[in-house]
Amino acid sequence: MTPDELLSTTRAVRKRLDLTRPVERDLLEECLGLAFQAPTGGDAQNWHFVLVTEPSRKQALADLYRRSKAENDPAEPPPGKEKMMDASAYLAAHLHEVPVLVIPCIQGRPESLPYMAQAVTWGSILPATWSFMLAARSRGLGTAWTSLHLGYEREAAGVLGIPYEQVAQTALIPVAHTIGTDFRPGPRHPRDQRVHWDSW
Ligand SMILES: Cc1cc2nc3c(=O)[nH]c(=O)nc-3n(C[C@H](O)[C@H](O)[C@H](O)COP(=O)(O)O)c2cc1C
């Protein structure tokens with residue numbers, strides 16, 4: 001796979017996660033090794049990745065995710081988003097069956113920080129997490145960025161023994177081998193509406 005193919009076909013994989021095939025620890029370590037090459041603000045390298053494979057902990061996280069989803073989902077899918085909402089419902093229903101749930105964390109709690117420090121905090125975990133997801137895709141693994149469990153972040157911290165006051169969870173990434181490896185670029189807004197050269 002060329003770098004351009006990797007960058008254009010790393011999609012949110014939900015229905016094509018192979019729930020029956022374990023994910024080899026060596027593959028995950030390789031992905032983490034690449035993630036740890038990402039930049040951080042001030043070179044703080046203040047990231048942590050929690051990899052959850054234990055069935056009872058996955059079940060507890062999936063229950064929190066589903067509770068938050070039920071509270072946050074719109075009553076009807078927004079027009080044009082029916083397919084995405086269907087895939088999202090499938091992932092929620094099967095989340096506890098996904099072989100590995102990865103929770104990227106960052107030291108410190110962003111909510112009380114001034115805006116610039118918040119930006120540095122999020123910007124210090126996003127590149128590493130996306131690198132992990134790209135590395136996973138290049139090894140035949142599927143991932144999807146999810147955020148819903150953060151509605152119950154404190155409870156999830158309790159499930160995993162994460163020190164909530166000192167460490168913020170930023171996402172929950174299901175990881176599994178994909179069913180087939182052929183993925184296509186996704187539908188995106190036309191660039192000319194979103195790209196601004198020299199002025200807005
Ligand atoms: C910050 C962020 C939060 C997201 N949270 C969720 C989520 O909680 N559950 C979910 O199923 N998808 C979630 N997504 C995935 C998006 O809904 C969207 O489907 C995806 O980014 C685009 O998928 P595609 O690349 O396959 O087109 C999230 C994506 C991002 C970037």
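Numbers here are sequence positions counted from 1. Atoms within each ligand, like the ligands themselves, are counted from 1 in listed order.
At a 4.0 Å heavy-atom cut-off, ligand 1 does not touch Y90 at all. Residue-level proximity to ligand 1 for M84 is carried by the side chain, the only part with a heavy atom below 4.0 angstrom.
No side-chain heavy atom of V23 sits less than 4.5 Å from a side-chain heavy atom of T53.
The shortest N or O to N or O distance between A12 and ligand 1 is below 3.5 Å. In terms of polar-atom proximity, L148 is counted as a contact of ligand 1, with an N or O under 3.5 Å from an N or O of the ligand.
Scanning the protein for heavy atoms near atom 3 (C) of ligand 1, the closest one is S147 OG, 3.3 Å. With hydrogens left out, the protein atom closest to atom 28 (C) of ligand 1 is W145 O, 3.1 Å, a heavy atom. Scanning the protein for heavy atoms near atom 24 (P) of ligand 1, the closest one is R11 NE, 3.3 Å. Looking at atom 9 (N) of ligand 1, its nearest protein heavy atom turns out to be Y65 OH, 2.9 Å.
Per-atom contact check: atom 5 (N) of ligand 1 touches the protein, criterion being a heavy-atom distance below 4.0 Å.
Counted within 6.0 Å of CD on Q37, heavy atoms from surrounding residues, nucleotides or ligands total 12 or fewer; the atom is thus considered open. Shown here is R25, whose CZ atom has no more than 12 heavy atoms of other residues, nucleotides or ligands within 6.0 Å. Heavy-atom neighbours of E111 CD from other residues, nucleotides or ligands within 6.0 Å: above the threshold of 12.
To the nearest 0.5 Å, the span separating CG on N46 from CD1 on I106 amounts to 4.0 Å. We find the OG1-CD distance between T40 and Q107 to be 10.5 Å, quoted to the nearest 0.5 Å.
One option in R14, M85, R188, K81 has a heavy atom closer to atom 17 (O) of ligand 1 than any other, and that option is R14.
For the pair R137 and F183, the cation-pi criterion (under 6.0 Å, within 45° of the ring axis) is not fulfilled.
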